[in-house]
K.L.:
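My questions will all concern the structure given below.
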Protein chains: 2
Amino acid sequence: MITVSTSKRESYHHGDLRAALIEAGLKLIEERGADDVGLREAARAVGVSATAIYRHFPDKGAFLQALAQAGLERLAAAQIAASDAAGGGAAGFNATGRAYVRFALANPGLFRLIFSTAKGDPLDWDNAPDDAMRLLRDNAVRLVAKERGAEEAKLFALHSWALVHGLAVLMLDGMVAVDDALIDRVIDVRKVEC
Amino acid sequence: MITVSTSKRESYHHGDLRAALIEAGLKLIEERGADDVGLREAARAVGVSATAIYRHFPDKGAFLQALAQAGLERLAAAQIAASDAAGGGAAGFNATGRAYVRFALANPGLFRLIFSTAKGDPLDWDNAPDDAMRLLRDNAVRLVAKERGAEEAKLFALHSWALVHGLAVLMLDGMVAVDDALIDRVIDVRKVEC
DNA sequence: GCCCTATGTGAACAGCATCAACATTGGACG
DNA sequence: CGTCCAATGTTGATGCTGTTCACATAGGGC
């Protein structure tokens, strides 16, 4: 059995240090900002030597990228859950957008990390690599493609994504006061107009 | 006369170290990322001791904030220029949006810095403190208020801002391929639908 | 012309990421 | 069952960083 715990261990080897480090890193991200996550601190939280991390990640960037990947999976899960809860379709798509913004507000550091480091990959829409992105694209296509064609669907998806992403980031950065009702209204404006 | 130059100085005092540091900082931002700007490095670029910065800024955060302020002014100037060039009105408003995204793509590090650190101030729409924000609000109000009322104008402005900001950030982070024509189309979609 | 204050310097400290050499161990293979 | 190796963790060191403190310099007000 693999014990992923932050308590002291008795054996020289940890068991699953990589998972434990990611767990600790995620906790650190939500406590402090994502910028203040340090390798040494994460190692300390797990109760392991600072340089042990290098047996599992080539450098700090790779560690943060792993955290971002874990965060992206959580974001995707939140969107899927929201879409399902709304019963799919157009209502589900709008719920997806709201979930996107709410996830950002609930996990500021993690959300920023997901989109912070240039992870390359200018997202090929036709072969979306990530669950969250695939969900977005598929929903957009399903909603729009039949009436207006695939090209319009892409544009609609990008438009929707940019809207919710921008709203999330602006609220996260304190440029726009966080207001749950406002989120609904901004997103709904788009819906009404389409 | 104040000489703001990065060359060696002969006098013990610098003349206008604060301005020189900001200039050097802006240059460093566009060379490396905004995260990699260091006090020591900026001081080195100006040819001054590392700790001299503390005579002009209380700490690194304040220095970065000053850089962000300078960046915001440039962003505002770019938007105003674009709006004027398009002749104001609806065309000017859309030009503002395009200028916003293009500025972000042309100055990635600077743009990120502007919106990175939580600078507080959840932006009071009725007393917009920054030029860029005031421009955005005034244009939105001018375009929409007369037909639909002030409340709708706020919503329209926020919607527009979130859209261009989201598009800019997504392209900046490599999530969406940079495509000049695509920018126009996404922004125009909004115009068409309103 | 003197002095005070603003401004710049140097050495020092703690914390950071990272590297190199060494220690420990679990498991593969005889 | 025993041996050895590769994976994993540790210790020490290096050069970077932001920041503090005591000190140096000089320009402007009296």
K.L.:
Does any N or O donor sit under 3.5 Å from an N or O acceptor when you compare the side chain of B:Arg40 with the base of D:dG18?
P.N.:
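Yes, the side chain and the base share a sub-3.5 Å donor-acceptor pair.
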K.L.:
What about the rings of B:Phe63 and B:His56, do their centers lie closer together than 6.0 Å?
P.N.:
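No, they do not, as the ring centres are separated by 6.0 Å or more.
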K.L.:
Is there a donor N/O on one and an acceptor N/O on the other, under 3.5 Å, for the side chain of B:Thr51 and the base of C:dG8?
P.N.:
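Per atom types, no contact qualifies.
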K.L.:
If I take atom CG in residue A:Leu21 and atom C1' in nucleotide D:dG9, what distance separates them, rounded to the nearest angstrom?
P.N.:
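About 12 Å, once rounded to whole Å.
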K.L.:
Using the side-chain heavy atoms of B:Leu39, tell me which of these nucleotides is nearest: C:dG8, D:dG18, C:dC16.
P.N.:
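Closest nucleotide to the B:Leu39 side chain: D:dG18.
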K.L.:
Within this structure, what is the CD1-to-P distance between A:Ile53 and C:dT18, rounded to whole angstrom?
P.N.:
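For the pair A:Ile53 CD1 and C:dT18 P, the rounded distance is 10 Å.
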K.L.:
Could you tell me if the ring centre of B:Phe93 sits under 6.0 Å from that of B:Phe156?
P.N.:
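Yes.
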K.L.:
Tell me the interatomic distance from A:Leu17, atom CG, to D:dA7, atom C1', rounded to whole angstroms.
P.N.:
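Atom-to-atom, A:Leu17 to D:dA7, this comes out as 12 Å.
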K.L.:
Describe the nucleic acid contact of A:Arg44 in one word from base, sugar-phosphate, nothing, applying a heavy-atom distance below 4.0 Å.
P.N.:
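Here A:Arg44 touches the backbone only, sparing every base.
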K.L.:
Quick one: does A:Ser116's side chain have a donor or acceptor within less than 3.5 Å of a partner on A:Leu113's backbone?
P.N.:
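Yes, A:Ser116 side chain to A:Leu113 backbone: donor-acceptor pair under 3.5 Å.
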K.L.:
Starting from C1' on D:dC16, measure out to NZ on A:Lys60 and report it in whole angstrom.
P.N.:
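It works out to 13 Å between those atoms.
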K.L.:
Whole angstrom is fine here: how far is it from OH in B:Tyr54 over to P in D:dT17?
P.N.:
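After rounding, the reported distance stands at 12 Å.
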K.L.:
Rounded to the nearest angstrom, tell me the gap between atom CZ in A:Phe57 and atom P in C:dC19.
P.N.:
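Computing the A:Phe57:CZ to C:dC19:P distance gives 16 Å.
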K.L.:
Whole angstrom is fine here: how far is it from CZ in A:Phe63 over to C1' in C:dA17?
P.N.:
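These atoms are roughly 13 Å apart.
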K.L.:
Report the C-alpha separation of A:Gln69 and A:Glu73 in whole Å, then their side-chain angles, then the decisive distance to 0.1 Å, and conclude whether the side chain to side chain donor-acceptor pair (under 3.5 Å) test is met.
P.N.:
CA-CA 6 Å; A:Gln69 178 60 34; A:Glu73 285 163 10; 3.2 Å; yes
K.L.:
Does a side-chain N or O from A:His56 land closer than 4.0 Å to OP1 or OP2 of D:dA7, or not?
P.N.:
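Answer is no, no contact under 4.0 Å.
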K.L.:
Can you measure B:Arg55 atom CZ to C:dG10 atom C1' for me and round it to whole angstrom units?
P.N.:
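It is 12 Å, rounded to the nearest whole Å.
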